[in-house]
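The first residue of the sequence shown is numbered 1, and numbering continues consecutively from there. Keep in mind that the numbers below use all heavy atoms, side chains included, and drop hydrogens, waters and symmetry copies.
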Amino acid sequence: MTIPSAARFHVVLPTRSPAAARLPAFVTDVRPALADPAGRAAVAADLSGWAGALVPFDPGGQESFTVAAGALRRTRHLRVVAEFHPAVATPVYAAKLSASLQRFSAGRLGWRLAVDVDPAVARAHGDFVTGAARARRAGEFLTVAKGVWGGGPFDFGGGFYEVVGGGFAAPLSSSPFPEVHLSGTSPEALELSRRHADVHVFAADDDLAALIPELPGLRYGVHLPSIDAAGAYAALGVTEFFLQTEDVYRLGEHVKERAVDR
């Protein structure tokens, strides 16, 4: 199997650190703490030529923007996508946080909105929006975030957010808006992507042949359990591949060895 040169591989970074070993009180552990597995994986991905990294939304793990910021600081070329739930912050705050990160990372931050989260998880985060309203809120979230990023004054009145006289001044407004990744196969999710996404990300078992024609003009991504399936998805037009791996550097080198048209 060969890999098209247009393919871009993204490692899914870990969001949890191993617990410290329980040792007897008389034992002194002088080994360095393994506190940043995501940072180490990001560095390995950067060195071995991965295009990007995804920090998934993990309700029981570390906060994705914080992990993404650490990964951006430790790398030079890697593009890092932070996945987050729209209810975790107002769109204005999320935009300001991201504009700051864009300035410090030369525009390498991306967004993935976790729109259809488990209802129990949503409620645990203080969010009780359900059904099709979740996609409508995500659309307003992105509209407001892009609106204030573009300068001011920006006014918006919607069903979920209201902004009067908003907008960022330079230099916050001068960085590129984060690349937006969205997912889902419902009519509402597809319409949200048509309006706001740069990349639509599928699950491996989605019917891509039927869904891709409904999303013209976008780039397409897929989560893969193994790199061996990349060629078949590339034939459907997929260019963004997301993989979870314990050996980031070795798999990155393996990708380069199997790439063609370089």
Side-chain angles (χ1 to χ4, degrees), residues 3 7-18 34-85 88 98 101 105 108-118 121 178-185 189 193 197-206 208 218-234 238-256 258-259:
I3 299 170
R8 290 159 42 94
F9 287 84
H10 309 257
V11 63
V12 179
L13 297 182
T15 55
R16 306 190 186 199
S17 299
L34 300 178
D36 187 18
R40 295 195 307 275
V43 169
D46 201 33
L47 292 173
S48 55
W50 291 70
L54 167 69
V55 186
F57 172 67
D58 180 0
Q62 298 167 14
E63 198 280 319
S64 59
F65 272 113
T66 304
V67 176
L72 287 166
R73 182 175 182 180
R74 293 190 61 175
T75 57
R76 295 183 61 189
H77 308 289
L78 200 71
R79 305 189 70 85
V80 181
V81 175
E83 182 181 31
F84 62 98
H85 184 214
V88 302
S98 299
L101 286 175
S105 66
R108 292 184 288 126
L109 175 71
W111 280 6
R112 185 187 292 187
L113 265 62
V115 178
D116 294 320
V117 300
D118 181 89
V121 170
E179 186 174 76
V180 176
H181 294 213
L182 295 171
S183 59
T185 59
S193 277
D198 299 294
V199 180
H200 190 92
V201 183
F202 297 98
D205 57 352
D206 287 340
L208 274 67
L218 301 183
R219 303 204 315 276
Y220 313 109
V222 65
H223 279 267
L224 291 181
S226 167
I227 193 175
D228 294 331
Y233 285 103
V238 175
T239 59
E240 314 297 318
F241 298 93
F242 297 84
L243 295 105
Q244 204 153 11
T245 177
E246 296 292 328
D247 195 345
V248 179
Y249 186 82
R250 182 175 180 181
L251 185 57
E253 291 298 303
H254 186 53
V255 168
K256 288 192 288 188
R258 299 172 75 167

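Between Phe57 and Phe84, the gap from one ring centroid to the other reaches at least 6.0 Å.
Between Val238 and Glu240, the shortest heavy-atom distance links the atoms CG1-O, 3.6 Å. When every heavy atom of Ala114 is checked against every heavy atom of Glu83, the shortest pair comes out as CB-OE2, 3.8 Å. Summarising the geometry of Thr15 relative to Pro56, their closest heavy-atom pair is CG2-O, 3.6 Å, with the distance given to 0.1 Å. Of all non-hydrogen atoms in Pro14 and Val67, the two that sit nearest each other are O-CG1, 4.5 Å. Here the shortest heavy-atom pairing between Ala44 and Ser48 reads O-OG, 2.7 Å. Taking each heavy atom of Leu182 and Ser193 in turn, the nearest pair found is CB-OG, 3.4 Å.
Of the inter-residue distances, the one linking Trp111 atom CH2 with Phe65 atom CZ reads 6.0 Å to the nearest 0.5 angstrom. Atom CZ of Arg40 and atom CG of Leu13 lie 11.5 Å apart (nearest 0.5 Å).
Inter-residue side-chain proximity for His10 and Val81 is flagged as unmet; no heavy-atom pair is nearer than 4.5 Å. Phe241 places a side-chain heavy atom less than 4.5 Å from the side chain of Val222.
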Quick one, Phe9 with Ile227, criterion side-chain contact (heavy atoms from CB on, under 4.5 Å). Give me CA distance, side-chain angles, the key distance, then yes/no. CA-CA 9 Å; Phe9 287 84; Ile227 193 175; 4.0 Å; yes
Go through it in stages, so that I can follow the logic: the residues are Val12 and His223, the test is side-chain contact (heavy atoms from CB on, under 4.5 Å), and I'd like the CA-CA distance, side-chain angles, deciding distance and then a yes or no. CA-CA 9 Å; Val12 179; His223 279 267; 4.2 Å; yes
Before you tell me yes or no, could you show the steps for Val199 and Glu179 under side-chain contact (heavy atoms from CB on, under 4.5 Å), namely the whole-Å CA-CA distance, both residues' side-chain angles and the distance that decides it to 0.1 Å? CA-CA 8 Å; Val199 180; Glu179 186 174 76; 4.1 Å; yes
Evaluate the criterion side-chain contact (heavy atoms from CB on, under 4.5 Å) for residue pair His181 and Leu54; output intermediate values, then yes/no. CA-CA 10 Å; His181 294 213; Leu54 167 69; over 6 Å; no
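Using a distance-only test at 3.5 Å, with no hydrogens or angles considered, a donor-acceptor pair links the side chain of Arg108 to the main chain of Leu78. Judged purely by atom type and a 3.5 angstrom limit, Trp50 uses its side chain to pair as donor or acceptor with the backbone of Val248. Put simply, the side chain of Asp206 never gets that close to the backbone of Leu208: no donor and acceptor are under 3.5 Å apart.
Side-chain contact, Arg112 with Ser64: no donor N or O sits under 3.5 Å from an acceptor N or O. No side-chain donor from either of Asp46 and Thr75 sits under 3.5 Å from a side-chain acceptor of the other.
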